[in-house]
Amino acid sequence: MKALVHVEKSGMEGLSYREIDERKPGAGEVSVKLKTAGLNHRDLFVLQRHQPGEPPLIIGSDGAGVIDFVGDKVVGVEVGDEVIINPGLGWDEKSDAPPAEFDIIGHPGHGTFAEKIIVPIENVEIKPEHLSWEEAGVLSLAALTAYRALFTRGQVQPGMKVFIPGIGSGVATFLLQFAKSAGAIVYVTSRSKEKCERAMELGAYKAIDSNEDWEQALDGEKMDLVIESVGAATFNQSIKQLRKGGTIVTFGASAGDVVQFNLRDFFYGQYNLLGSTMGSREEYKEMLKFISDHKIHPVMDQMFPLEQYPEAFKRLEEARQLGKIGFTISE
């Protein structure tokens, strides 16, 4: 089968669209003929983590398609079912943190940037009817990350003021849509005027330029909850926007892993700092029900044929996207 495979060289140089052998599902597994898949920042990180000398790896974590083969001991789905893939492996129930065996599809095991993928039966769910194939294929990783950060960790409630720095990413756009649907008042930042305008169309109460003085732009308003994914470039500014006793949830560090902040100011402010990453199968099901109940559609940036992967990766690397970038794989 055709797939996007990483081997021999680190980074983009090791990536190629090529033939690779496929296998049949084992007990408890299904084969999914993929129609679409979604590109994530994680895929960029995998290109660095998957080292020369390791076996060829099909990358990609998000996807949707049709079941074309089921292994032994599979119940609940059958050939022909339209499904969406949960990229989280080995995390079934909602918990404080994932179990030690937790992994994500696309590294260290094969991922979704291929004509087919084999996954455990626990990692497929019936595709929500209101989603197109393009929308279903890009949904899972970003939407699950946003759901856990906002609901499980951030405990969002109607009327809360929620602040989301850096509105361009797929997770950030889901955070905006989810928080708005939950009855929160949402504030966002971006360096792009176009992204700020689009955020307002999606329901943001206020969108400010990332280069502005945030406290001045917010006119002294303080936030109940900040969802941080930028990292070192914005973390201290984000803390300053919190009300006393407010909560900051962080799930990413695209602008630097190491942050210094004033510990005395932090404990005097009675702030809460929580980490989050991905989510459990239980939360994945909750997320799918939430988007179905509220008829939420992913914000789509651009779809590419899988063989045009260099253009897609470049668009993501340069942060030109608003929402999700995806791949079309089959009709």
Open item on the list: Please determine whether residues Ile118 and Val124 belong to a single hydrophobic cluster, defined as Ile, Leu, Val, Met, Phe, Trp and Tyr linked transitively by side-chain heavy-atom distances below 4.5 Å.
Closed with: no
- [ ] Kindly say whether Phe45 contributes a backbone atom to a donor-acceptor pair with the side chain of Gln48 at under 3.5 angstrom?
- [x] no
TODO: Using modelled atom types only, decide if a donor and an acceptor are shared between the side chain of Gln308 and the backbone of Pro305 within a distance under 3.5 Å.
DONE: no
- [ ] Assess whether atom NZ of Lys9 is packed by more than 12 heavy atoms of other residues, nucleotides or ligands within 6.0 Å.
- [x] no
- [ ] Give a yes or no answer on whether the side chain of His130 reaches the backbone of Ile296 with a donor-acceptor pair at less than 3.5 Å.
- [x] yes
Task: Sub-4.5 Å side-chain heavy-atom contact between Ile59 and Leu47 - done: yes
Task: Backbone of Met12 reached by a side-chain donor or acceptor of His6 within 3.5 Å - done: no
Task: N-O pairing of Asp68 and Lys116 below 4.0 Å - done: yes
Open item on the list: Could you measure the distance from the OG1 atom of Thr173 to the CD1 atom of Ile167? Nearest 0.5 Å is fine.
Closed with: 6.5 Å
Open item on the list: Strictly below 4.0 Å, N to O, side chains only: are Lys2 and Glu115 in salt-bridge contact?
Closed with: no
TODO: Look at the side chain of Gln177 and the backbone N and O of Pro298, then say whether any donor-acceptor pair between them is shorter than 3.5 Å.
DONE: no
Open item on the list: Using 30° and 60° as the class boundaries, would you call the ring planes of Phe313 and Tyr309 parallel, tilted or perpendicular?
Closed with: perpendicular
Open item on the list: Looking at Arg264, I'd like to know if its CZ atom is crowded, meaning that more than 12 non-hydrogen atoms belonging to other residues, nucleotides or ligands lie closer than 6.0 Å.
Closed with: no
Open item on the list: Within the 4.5 Å heavy-atom criterion, are Val46 and Leu57 side-chain neighbours or not?
Closed with: yes
Open item on the list: Can you confirm whether Phe267 is buried at CZ, in the sense that more than 12 heavy atoms of other residues, nucleotides or ligands lie under 6.0 Å from that atom?
Closed with: yes
Open item on the list: Checking the side chain of Ser292 only, and the main-chain atoms of Pro128 only, is there a donor and an acceptor separated by less than 3.5 Å?
Closed with: no
Task: Spacing of Glu283 atom CD and Arg153 atom CZ [to the nearest 0.5 Å] - done: 9.5 Å
Open item on the list: Walk me through whether Phe102 and Leu89 qualify under side-chain contact (heavy atoms from CB on, under 4.5 Å).
Closed with: CA-CA 6 Å; Phe102 174 67; Leu89 296 164; 5.7 Å; no
TODO: Please answer whether the main-chain N or O of Arg42 pairs with a side-chain N or O of Asn40 as donor and acceptor at a distance below 3.5 Å.
DONE: no
Open item on the list: Testing the 3.5 Å rule here: is there a donor-acceptor pair between the side chains of Ser238 and Gln241?
Closed with: no
Open item on the list: Measuring from atom CG of Leu273 to atom CG of Leu242, what distance do you get when rounded to the nearest 0.5 angstrom?
Closed with: 9.5 Å
Task: Any donor-acceptor N/O pair, Lys195 side chain to Gln321 backbone, under 3.5 Å - done: yes
Task: Arg281 side chain vs Glu122 backbone, donor-acceptor pair below 3.5 Å - done: yes
- [ ] Using the ring of Tyr187 (Phe, Tyr or Trp, six-membered ring only), decide whether Lys161 places NZ or CZ under 6.0 Å from its centre and within 45 degrees of its axis.
- [x] no
- [ ] Using the rule that two of Ile, Leu, Val, Met, Phe, Trp, Tyr join whenever any of their side-chain heavy atoms come within less than 4.5 Å, decide whether Val119 and Leu141 are in one cluster.
- [x] no
- [ ] Could you list all the side-chain hydrogen bond (donor to acceptor under 3.5 Å, both in side chains) pairs where at least one residue sits in residues 69-93, not counting sequence neighbours?
- [x] Trp91-Ser95
TODO: Please report the closest heavy-atom contact between Phe163 and Leu218, naming both atoms and the distance.
DONE: CE1-CD1, 4.2 Å
Open item on the list: If you count every heavy atom of other residues, nucleotides or ligands that lies below 6.0 Å from Lys33 atom NZ, does the total exceed 12?
Closed with: no
Open item on the list: Run Trp133 and Lys127 through side-chain contact (heavy atoms from CB on, under 4.5 Å) and show every step you take.
Closed with: CA-CA 9 Å; Trp133 281 115; Lys127 180 178 81 72; 3.7 Å; yes
- [ ] Begin with the C-alpha distance, continue with both residues' side-chain angles, and end with the deciding distance and a verdict on side-chain contact (heavy atoms from CB on, under 4.5 Å) for Glu125 and Val83.
- [x] CA-CA 5 Å; Glu125 301 290 344; Val83 296; over 6 Å; no
Task: Over all atoms of both residues, closest heavy-atom pair of Leu306 and Ala114 - done: CD2-N, 4.0 Å
TODO: Examine the side chains of Ser210 and Thr189 and answer whether a donor and an acceptor come within less than 3.5 Å of each other.
DONE: yes
TODO: Look up atom NZ in Lys35 and atom CD in Glu331, then write down how far apart they are to the nearest 0.5 Å.
DONE: 7.0 Å
- [ ] Identify the two heavy atoms, one from Arg148 and one from Gly279, that lie closest to each other, and give their separation to 0.1 Å.
- [x] CD-CA, 3.8 Å
Task: Tyr271 side chain to Thr247 side chain, donor-acceptor N/O pair below 3.5 angstrom - done: no
Open item on the list: Evaluate Ser192 against Glu194 for side chain to side chain donor-acceptor pair (under 3.5 Å), listing each step before the verdict.
Closed with: CA-CA 5 Å; Ser192 163; Glu194 291 74 20; 3.3 Å; yes
TODO: Dump the intermediate steps for ring pair (Phe, Tyr, Trp, His ring centres under 6.0 Å) on Phe151 and Phe290, then the final yes or no.
DONE: CA-CA 11 Å; Phe151 291 95; Phe290 186 84; 5.1 Å; yes
Open item on the list: Would you say that more than 12 heavy atoms from the other residues, nucleotides or ligands in this model lie under 6.0 Å from the CZ of Arg18, or not?
Closed with: yes
TODO: Identify the heavy atoms of Asp62 and Ser140 that sit nearest to each other, and give their distance.
DONE: OD1-CB, 3.4 Å
TODO: Could you verify whether a donor N or O on one side chain and an acceptor N or O on the other, from Glu228 and Thr234, lie under 3.5 Å apart?
DONE: yes
Task: Ring geometry between His50 and His107 (parallel below 30°, tilted from 30 to 60°, perpendicular above 60°) - done: perpendicular
Open item on the list: Checking side-chain polar atoms at under 3.5 Å, does Tyr147 have a donor or acceptor matched by the opposite partner on Glu286?
Closed with: yes
Open item on the list: Atom CD of residue position Gln216 - does it have more than 12 heavy atoms of other residues, nucleotides or ligands inside 6.0 Å?
Closed with: no
TODO: Answer yes or no: is there a side-chain heavy-atom contact under 4.5 Å between Glu197 and Lys193?
DONE: yes
Open item on the list: Please give me the minimum heavy-atom distance between Pro165 and Val230, naming the atom from each residue.
Closed with: O-CG2, 4.0 Å
- [ ] Determine the minimum heavy-atom distance between Pro56 and Val5, stating which atoms define it.
- [x] CB-CG1, 3.7 Å
TODO: Decide whether Val77 and Phe69 are clustered together by the hydrophobic rule: side chain heavy atoms of Ile, Leu, Val, Met, Phe, Trp, Tyr closer than 4.5 Å, transitively.
DONE: no
Open item on the list: Quick check for you: to the nearest 0.5 Å, what is the distance between Met303 atom CE and Ile325 atom CD1?
Closed with: 10.5 Å
Task: Within 6.0 Å of NZ in Lys314, more than 12 heavy atoms from elsewhere - done: no
Open item on the list: With a 3.5 Å distance limit and no angle check, can you tell me whether Glu29 reaches the backbone of Ser31 through a side-chain donor-acceptor pair?
Closed with: no
TODO: Tell me whether Leu274 is reachable from Leu144 by hopping between hydrophobic residues (I, L, V, M, F, W, Y) whose side-chain heavy atoms are closer than 4.5 Å.
DONE: yes
Task: Spacing of Leu15 atom CG and Ser10 atom OG [to the nearest 0.5 Å] - done: 11.0 Å
Task: Derivation of the side-chain contact (heavy atoms from CB on, under 4.5 Å) call for Leu288 and Leu139 - done: CA-CA 10 Å; Leu288 291 181; Leu139 176 84; 3.7 Å; yes
Task: Same apolar cluster (I L V M F W Y, side chains within < 4.5 Å links), Trp214/Leu225 - done: no
Open item on the list: Is it true that, when you exclude Asp293 itself, more than 12 heavy atoms of the residues, nucleotides or ligands shown sit nearer than 6.0 Å to its CG?
Closed with: yes
Open item on the list: A side-chain contact here means heavy atoms from C-beta on lying under 4.5 Å apart; do Asp301 and Arg315 qualify?
Closed with: yes
TODO: Apply side-chain hydrogen bond (donor to acceptor under 3.5 Å, both in side chains) to Glu307 and list each qualifying residue two or more places apart in sequence or on a separate chain.
DONE: none
